[in-house]
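Each chain gets a letter, A, B and so on, in the order the sequences are listed, and its residues count up from 1.
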2 protein chains.
Amino acid sequence: MNTNSYKQDRVTAYDEAFSLDDEKASQLAELFSSLSDPNRLRILSVLLRGETHVQQISETVAMSQSAVPHQLRGLRQMRIVRARKQGRMVYYSLDDDHVKELFLLGLDHVCHE
Amino acid sequence: MNTNSYKQDRVTAYDEAFSLDDEKASQLAELFSSLSDPNRLRILSVLLRGETHVQQISETVAMSQSAVPHQLRGLRQMRIVRARKQGRMVYYSLDDDHVKELFLLGLDHVCHE
DNA sequence: TGAATATATGAACACTAATTCATATAAACA
DNA sequence: TGTTTATATGAATTAGTGTTCATATATTCA
């Protein structure tokens, strides 16, 4: 973890000599890809309000029964959301605040022009 | 500009009653889509260091002659980069700091796990 | 003016990704 | 136990995206 120095303050961290290596580029692209679909974003916007079960997500974002679990699967694999089963319902929530920050920063930008 | 209240402090702005409408969802998805490709991210990582001409981008990120302008076109249309022609070279730079912030926040997250 | 260089663009192709449809699993309830 | 409800999954379809190849435009230089 000392071969790079990404861990500095975000804005000042970017070294002039820095060039994004292939692996980091791919990871970063994967992260942003998770946020690159309107329906996925709407699912996340629901989860931003708190833990919710699948059916309720479907209704809120007006997606079909099977489309929602399909998307949730991807988000789960990216560790963006987390599932908790209770009875026959499965409750999803954001796995941490990382994506919430990105989401809100992005929304901020979109809404300012 | 007062039909929404997105302009509050980012973290507290997210109203419990808020649900991402279709248009905002699409705009946001478009924004994140701009960052959803490794090569595009590498191009941006070069531009983060400052204004650069196309050929130099090609060399730095090891992309073909035509692939780079193709990608730059998309970034230009999204107003993420800006072009300045000088002689037969075209110099590109980031159009503002919006995407830089997203890029660095994302990189931050990727590098912390 | 003609050749060389830098960038852009259109079409074709390959690849990815999102949705739907059908079906499977699994829990609750009668 | 059998039926209903909630979620998940696989396959197929469709739409979108990134690259390459060939070519166009535009600028410099001889």
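- Put simply, CZ on B:Arg40 is 12 Å from C1' on D:dG16, counting in whole angstrom units.
- Between the P atom of C:dA6 and the CD1 atom of B:Ile57 lies a distance of 14 Å, rounded to the nearest Å.
- Applying the side chain to side chain donor-acceptor pair (under 3.5 Å) rule to A:Asp95 yields the partners A:Arg82; only residues at least two apart in sequence or on another chain are considered.
- A search for side chain to side chain donor-acceptor pair (under 3.5 Å) contacts involving A:His53 returns A:Gln56, not counting sequence neighbours.
- Non-hydrogen atoms lying under 4.0 Å from DNA chain C are contributed by nothing in residues 26-36 of chain B.
- For B:Asp22, the salt bridge (Lys or Arg N to Asp or Glu O under 4.0 Å) partners two or more places apart in sequence, or in a different chain, are A:Arg42.
- The side chain of B:Arg73 contributes an N or O atom lying less than 4.0 Å from OP1 or OP2 of C:dT9.
- OP1 or OP2 of D:dT9 lies within a sub-4.0 Å distance of a side-chain N or O belonging to A:Arg76.
- In this structure the side chain of B:Leu28 never reaches within 4.5 angstrom of the side chain of A:Leu35, judged on heavy atoms.
- Listed by first then second residue, pairs satisfying ring-ring contact (aromatic ring centres under 6.0 Å, His included) with a partner in residues 23-51 of chain B number zero, not counting sequence neighbours.
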Listing time: all N or O pairs from protein to nucleotides 19-27 of chain D that are below 3.5 Å?
from, atom 1, to, atom 2, distance (Å)
D:dT19, OP1, B:Asn39, ND2, 2.3
D:dT19, OP2, B:Gln71, NE2, 2.7
D:dT20, OP2, B:Ser64, OG, 2.8
D:dT20, O4, B:His70, NE2, 3.2
D:dC21, N4, B:Ser66, OG, 2.9

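- Atom CG of A:Leu41 is separated from atom C1' of C:dA18 by 14 Å (rounded to the nearest Å).
- We find that OH of A:Tyr91 is positioned 8 Å from P of D:dT7, with the value rounded to whole Å.
- Between the side chain of B:Arg40 and the backbone N or O of B:Leu75, no donor-acceptor pair lies under 3.5 Å.
- Every side chain to side chain donor-acceptor pair (under 3.5 Å) that A:Arg76 has, sequence neighbours left out, goes to A:Tyr92.
- Heavy atoms of A:Tyr92 sit under 4.0 angstrom from primed sugar atoms or phosphate atoms, though from no base atom.
- Residue pairs that meet the ring-ring contact (aromatic ring centres under 6.0 Å, His included) test with at least one member in residues 56-88 of chain B, sequence neighbours left out, do not exist here.
- In this structure, the side chain to side chain donor-acceptor pair (under 3.5 Å) partners of B:Arg84, at least two apart in sequence or on a different chain, are B:Glu51, B:Gln86.
- Rounded to whole Å, the distance from CG on B:Leu72 to P on C:dA6 is 16 Å.
- Rounded to whole Å, the distance from CD on A:Gln77 to C1' on C:dT16 is 15 Å.
- The distance between atom CZ of A:Arg84 and atom C1' of C:dA26, rounded to the nearest whole Å, is 17 Å.
- Between A:His53 atom NE2 and C:dA27 atom P the separation is 18 Å, expressed in whole Å.
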